[in-house]
Amino acid sequence: MARKKLETLTEQMFYVLLALRRERHGYGIMQAITALTEGRVNIGAGTLYALLERFEGEGFITLTRIEDKRKYYKLTPEGDKALREEYRRIRRQAADMETVLREEEGQ
């Protein structure tokens with residue numbers, strides 16, 4: 001069965017969208033993700049720019065301005081919806097894990 005288009009986000013996708021809740025340019029996005037995750041998640045330039053192009057095409061982000069050859073982007077309402085849906089999905093997964101761990105502890 002084929003996966004729906006962007007039904008779930010990869011970790012890198014999630015963090016790019018999260019970083020774009022505030023207007024940022026490419027390098028600023030990479031810096032924000034590295035700082036937020038304390039270096040646990042790093043995104044290379046090639047991956048980042050491919051994701052930006054894809055997200056812009058999906059309507060998840062919008063180009064807000066170009067300044068000194070830097071392109072600035074920001075999350076759209078559609079992108080915010082996708083980010084929040086992914087957040088809910090991750091929380092459900094964590095809750096399922098907690099349920100299993102509690103069940104194991106009770107045995």
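Quick caveat: nothing in here was measured; it's all calculated off a predicted structure.
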The criterion is salt bridge (Lys or Arg N to Asp or Glu O under 4.0 Å); which residues satisfy it with [X], sequence neighbours excluded?
{"X": "Arg22", "value": "none"}
{"X": "Glu78", "value": "none"}
{"X": "Glu23", "value": "Arg65"}
{"X": "Glu98", "value": "none"}

Inset, instruction - Look only at the side chain of Thr76 and the backbone of Thr62, and say whether a donor-acceptor pair between them is shorter than 3.5 Å. - result: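 Absent.
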Legend entry - Pairs satisfying ring-ring contact (aromatic ring centres under 6.0 Å, His included), at least one member in residues 82-103, at least two apart: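 Output for this query is empty, none listed.
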Inset, instruction - Linking directly or through intermediates, with side-chain heavy atoms under 4.5 Å: list the remaining ILVMFWY members grouped with Met97, chain and number order. - result: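 Once heavy-atom contacts under 4.5 Å are chained together, Met97 belongs with Leu101.
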Inset, instruction - Would you check if Arg54 and Phe60 make a side-chain contact, meaning some heavy-atom pair closer than 4.5 Å? - result: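 SC-SC contact between Arg54 and Phe60 ruled out.
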Inset, instruction - Would you mind reporting whether Leu83 and Arg21 have side-chain heavy atoms less than 4.5 Å apart? - result: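 Answer yes - side chains close enough.
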Legend entry - Set of residues satisfying ring pair (Phe, Tyr, Trp, His ring centres under 6.0 Å) with respect to Tyr72, sequence neighbours excluded: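 Testing Tyr72 for ring pair (Phe, Tyr, Trp, His ring centres under 6.0 Å), a comparison that skips the adjacent residues, returns His25.
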Inset, instruction - Give a yes or no on whether Glu67 atom CD has more than 12 heavy-atom contacts from other residues, nucleotides or ligands under 6.0 Å away. - result: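 Yes - once you tally the heavy atoms of other residues, nucleotides and ligands closer than 6.0 Å, there are more than 12.
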Legend entry - CD/Glu85: more than 12 non-hydrogen atoms of other groups inside 6.0 Å: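 Above 12, so yes.
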Legend entry - With Thr37 via side-chain hydrogen bond (donor to acceptor under 3.5 Å, both in side chains) - residues at least two apart: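 For Thr37, no residue satisfies side-chain hydrogen bond (donor to acceptor under 3.5 Å, both in side chains) once neighbours in sequence are set aside.
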Inset, instruction - Only counting residues at least two apart or in another chain, list the ones meeting side-chain hydrogen bond (donor to acceptor under 3.5 Å, both in side chains) with Tyr15. - result: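 For Tyr15, the residues satisfying side-chain hydrogen bond (donor to acceptor under 3.5 Å, both in side chains) (neighbours in sequence not counted) are Arg40.
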Inset, instruction - Please list, chain by chain and in numerical order, all residues satisfying side-chain contact (heavy atoms from CB on, under 4.5 Å) with Arg89, sequence neighbours excluded. - result: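 Here the qualifying residues are Thr8, Glu86, Arg92, Gln93.
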Inset, instruction - Go through the structure and list residues passing side-chain contact (heavy atoms from CB on, under 4.5 Å) with Ala19, not counting sequence neighbours. - result: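 Partners of Ala19 under the side-chain contact (heavy atoms from CB on, under 4.5 Å) test: Arg24, Ile29, Ala32, Ile33.
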Spatial distance of atom [atom1] ([X]) from atom [atom2] ([Y]) [nearest 0.5 Å]:
{"X": "Ile61", "Y": "Asp80", "atom1": "CD1", "atom2": "CG", "answer": "13.5 Å"}
{"X": "Met13", "Y": "Ile43", "atom1": "CE", "atom2": "CD1", "answer": "10.0 Å"}
{"X": "Leu17", "Y": "Gln12", "atom1": "CG", "atom2": "CD", "answer": "12.0 Å"}
{"X": "Arg91", "Y": "Asp96", "atom1": "CZ", "atom2": "CG", "answer": "12.5 Å"}
{"X": "Tyr73", "Y": "Leu20", "atom1": "OH", "atom2": "CG", "answer": "9.5 Å"}
{"X": "Ile66", "Y": "Thr64", "atom1": "CD1", "atom2": "OG1", "answer": "9.5 Å"}

Inset, instruction - Quick one: closest heavy-atom pair of Leu63 and Glu56, and the distance? - result: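 Reported closest heavy-atom pair: CB-OE2, 3.6 Å.
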Inset, instruction - May I have all residue pairs that pass side-chain hydrogen bond (donor to acceptor under 3.5 Å, both in side chains) and include part of residues 42-52, sequence neighbours excluded? - result: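 Applying side-chain hydrogen bond (donor to acceptor under 3.5 Å, both in side chains) to every pair that reaches into residues 42-52, excluding sequence neighbours, yields Thr34-Asn42.
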Inset, instruction - Please assess Arg84 against Lys81 for the test side chain to side chain contact (heavy atoms under 4.5 Å, CB included), listing each intermediate value before the final yes or no. - result: CA-CA 5 Å; Arg84 289 174 185 273; Lys81 180 182 174 190; 6.0 Å; no
